[in-house]
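In what follows, chains are A, B, ... by sequence order, proteins preceding strands, each numbered from 1.
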Amino acid sequence: MPRTGHCGTWRLVMANRIPARELVKQKGQLADDVVALKVDGRVVDLHTPIAEDATFEVVRATDKDGVQVIRHSTAHVMADAVQRLFPGTKVTIGPAIEDGFYYDFDKPGGGFSEEDLATIEKAMLDVVAGNTPFRREVVSRNEALALFEKMNESFKVEIIRSIPEDEEISLYKHGTAGKDEWVDVCEGPHVPSTGFLRAVKLTSVAGAYWRGDERNPMLQRIYGTAFPSKEALEEHLKLIEEAKQRDHRKLGKELDLFFFDPVAPAMPFLLPRGAYVYNRMVDYVRKLYVEYGYEEVITPQAFDPKLFRTSGHLGNYNENMYRLWTEDVLEEGQAVDAKDAKDADPAKKLAKHLQDHSFALKPMNCPSHCVIFGQRKRSYRELPWRVADFGRLHRYERGGVVHGLSRVRTFCQDDAHVFCTRDQVPQEIEKFIKLLYAVYKAFAFDRIDIKLATRPDKRIGSDADWDMSENALREGLERAGLPFEISPGEGAFYGPKVEFHVYDALKRGWQTGTIQYDPNLPERFELAYTGEDGKDHRPVMLHRAVFGSLERFFSVYLEHCGGNFPAWIAPTQAIVLTVSDKSEAYGRSVVEELRASGLRVEGDFSADKLGAKIRAARTFRHPYMLVVGPKDAEAGTVSVRSRDAGELGAMPRAEFVAKLLAESASPR
RNA sequence: GCUGGCGUAGCUCAAUCGGUAGAGCACCUGUUUUGUAAACAGGCGGUUAGGGGUUCAAGUCCCCUCGCUAGCUCCA
């Protein structure tokens, strides 16, 4: 989620300055809803002195920038209220974010409770009612340090110290001087006065590390949001409620798609209906693999750890790998142990033995594919070789990060590796992107964010290789004409990656597809192909996945369609509802006939009344309901009710079969 | 892993100050014979996540473990 900057400073380099408010007033543009103005693309507040001949645009409360100003100001008011109610609490940073704002506090004696939020909110309303102006004041570094040192605001002192020497330091104050004034070091801008903050809501509390580093102390974060009007706030809260209804964890339960059980934490059980959707996803890419020239392999699940030493996983991915032990390995380890117990800690020796000998569940398919490539002599004529694998992967994820199907400990990727020459890389990237967009279109995704993740600190391979591979990916994206952002340091340990992100119902972004350039694994596995010149050459390797994890893509897709699967992928395409048991025989014959035509059809022959059957079928979101009663039995029809188009009336069975078969074809 | 919150029937949720564990839905059995968003009656279903403690008495208070959850950190 993008964040705006924290409270820092920026520099003014202008002469003949007058307060911005005066200038706006002179031009007759000072309306009630003007919260700031924009000069040279930078948002400044109405108190900031600017050049008297500056050109500007007013920023209104309802503008995107204006809303951010309101939220940032609200964060100040919240910090004010918190410090008043909880003396001794230190302030840190408090930016505006996409849907609101937060402020991180260092509060002695534990966090804030839900009741605290209500109290804080009330105190904030008092500050708003006071309607005191926000005042900007430029101070020297030493003045700022002296002020915050005196206030014992150690985090602010640290922030001030980290501000570059050539930047101006500004303070923002609100409240009444000498009475209830509150001050923060901040670059602004802010609304003219606290009275501009009309619709404020504190939403949640959470822990957050100082400066986002888990080695630092944990602070108490309060999230809130603010809008230009009460109506806009209400609207936003309503949208959040609706989004919760789409949460894939809720839909998964309601639609009998999957569940979790503590016997296998963060590892989903896919029920028949969920497994159906999952399998159709696999079918869909398999079909494209034919067209795009992939071959599929099946590889082992568990490996001698030597494999992962060769691949580098043991050094770089160890903490995410599950290990298997057997009685034999354990006994060997204990025997080694007893023999050498004099010169080493027995527990450590056993641990070492297990680390060296207990098999590991694969967290990725790439090492297997390297083994396959190296299994016999390869020719340049075979390249590019695209090898796909739907193998099940296991990765141990720390407790706090797992999330429904989106982040699990066992999953399957629509994984494939492309072994090719360096020259073939750009065209392979282009080809992959074409494949990826075809799939995303089939699943009706229109918004996809692309990021180029570059070399991380913890990595293997030379800098020259990284330069080359990062450039190759950048060129591939540029050739495809796709806009992307750079995520510095976010690459995999073996190579940079292009990440394709989509968003869940609650606007959390998830990486799905990816393509990664890897010059390292072929090196480590000493892979070679025989070139035209009869000599050995090292191939390079691309890791790529369109869905990424099938589980994650399923979760995002489920939320995207709200459980209303289109007919081609819906577990049940139609359900026959009998009006009474007088029509049961006809109803059963309809089910049979439709199934014989290849349609996925169920019947509801319970003693419920029709209305109840319809209600049940609707909550299950089946694409079609086929009502059958004596009239239909007489005429040989079904009365069709479409989930998406409403009642379609009675039609001959053959007509419905043709219609649904046409809709059952997977998208192209 | 960290900081909060939560965990009661398959699901959604009740249970006052610590005082007999309950409802609706689902499921089963009947009755009803039904034409486009919930017919009626009865029944089944629980070691209140697990373990320990305080107490005459614990779903409720305390401790530990497990799981879920919102963030943080990490990641497909």
**Q** Out of A:R249, A:Q245, A:K244, which one pairs with A:D247 under the side-chain hydrogen bond (donor to acceptor under 3.5 Å, both in side chains) rule?
**A** A:R249
**Q** Should the side chain of A:D261 and the base of B:G67 be counted as holding a donor-acceptor pair, with the cut-off at 3.5 Å?
**A** no
**Q** Using the C1' atom as the point on both nucleotides, what is the distance between B:U12 and B:U16, in whole Å?
**A** 23 Å
**Q** Hey, is the side chain of A:K631 poking within less than 4.0 Å of OP1 or OP2 on B:G35, counting only N and O atoms?
**A** no
**Q** List in chain and number order the residues that pass salt bridge (charged side-chain N to carboxylate O under 4.0 Å, His left out) with A:E655, two or more places apart in sequence or in another chain; answer none if no residue qualifies.
**A** none
**Q** What dot-bracket string describes RNA chain B from 5' to 3', counting Watson-Crick and G-U wobble pairs whose defining distances are under 3.5 Å, with [ ] for crossing pairs and | for pairs to another strand?
**A** (((((((..((((.....[..)))).(((((.......))))).....(((((..]....))))))))))))....
**Q** For A:R395, answer base if it contacts any base atom (sugar-phosphate contacts may also be present), sugar-phosphate if it contacts only those atoms, and nothing otherwise; contact means non-hydrogen atoms under 4.0 Å.
**A** base
**Q** May I ask you to verify whether the side chain of A:S204 and the base of B:G71 hold a donor-acceptor pair under 3.5 Å?
**A** no
**Q** Are a donor atom and an acceptor atom from the side chains of A:S154 and A:K90 found within less than 3.5 Å of each other?
**A** yes
**Q** Ignoring backbone atoms, establish whether A:H403 has a side-chain N or O less than 4.0 Å from OP1 or OP2 of B:G71.
**A** no
**Q** Please identify each residue that fulfils salt bridge (charged side-chain N to carboxylate O under 4.0 Å, His left out) with A:E254, with sequence neighbours left out.
**A** A:K250
**Q** What's the gap between B:C13 and B:A9 when it is taken at their P atoms, as a whole Å value?
**A** 12 Å
**Q** Under 5.5 Å between ring centres and under 30° between planes: true for A:F411 and the base of B:A76?
**A** yes
**Q** Would you give a per-nucleotide map of nucleotides 1-7 of chain B, 5' to 3', where B means the base has a protein non-hydrogen atom under 4.0 Å away, S means only the sugar-phosphate does, and - means neither?
**A** BBB----
**Q** For A:F547, report the nucleic acid contact type (base, sugar-phosphate, nothing); a contact means any heavy atom under 4.0 Å.
**A** nothing
**Q** Which nucleotides of nucleotides 39-45 of chain B have their base under 4.0 Å from a protein heavy atom (B), which only their sugar-phosphate (S), and which neither (-), written as one string 5' to 3'?
**A** S------
**Q** For B:G35, take OP1 and OP2 only and decide whether either is under 4.0 Å from a side-chain N or O of A:K613.
**A** no
**Q** Check for me whether A:R221 meets the cation-pi criterion with A:Y102, that is, NZ or CZ under 6.0 Å from the six-membered ring centre and within 45 degrees of the ring axis.
**A** yes
**Q** Below 30° counts as parallel, above 60° as perpendicular, anything between as tilted: where do the rings of A:Y440 and A:F500 land?
**A** perpendicular
**Q** Can you see whether A:T92 engages A:K156 through a side-chain donor-acceptor pair at a distance of less than 3.5 angstrom?
**A** no
**Q** Can you check whether A:K250 has a side-chain N or O nearer than 4.0 Å to OP1 or OP2 of B:C11?
**A** no
**Q** Compare side-chain N and O positions of A:R211 against OP1 and OP2 of B:C72 and report whether any pair is under 4.0 Å apart.
**A** no
**Q** Holding to salt bridge (charged side-chain N to carboxylate O under 4.0 Å, His left out), I want the full list of residues that pass it with A:E490, two or more places apart in sequence or in another chain.
**A** none
**Q** When you measure from the centre of the six-membered ring of A:F259, is the NZ or CZ of A:K253 under 6.0 Å away and within 45° of the axis?
**A** no
**Q** Going by the angle between their ring planes, with limits at 30° and 60°, are A:F493 and A:Y317 parallel, tilted or perpendicular?
**A** tilted
**Q** Can you check whether A:Q413 has a side-chain N or O nearer than 4.0 Å to OP1 or OP2 of B:A76?
**A** no
**Q** Can you tell me how far P in B:U47 sits from the matching atom in B:U8, rounded to whole Å?
**A** 13 Å
**Q** Return no unless some side-chain N or O of A:R643 is found under 4.0 Å from OP1 or OP2 of B:U36.
**A** no
**Q** Under 4.0 Å between any heavy atoms, over every strand shown, what does A:Q511 touch: base, sugar-phosphate, or nothing? Just pick one.
**A** sugar-phosphate
**Q** May I ask you to decide if the ring planes of A:F553 and A:F547 are parallel, tilted or perpendicular, using 30° and 60° as cut-offs?
**A** tilted
**Q** Has the side chain of A:R407 got a donor or acceptor atom sitting under 3.5 Å from an opposite partner on the base of B:C74?
**A** yes
**Q** Is it the case that A:E602 and A:T572 place a side-chain donor and acceptor less than 3.5 Å from each other?
**A** yes
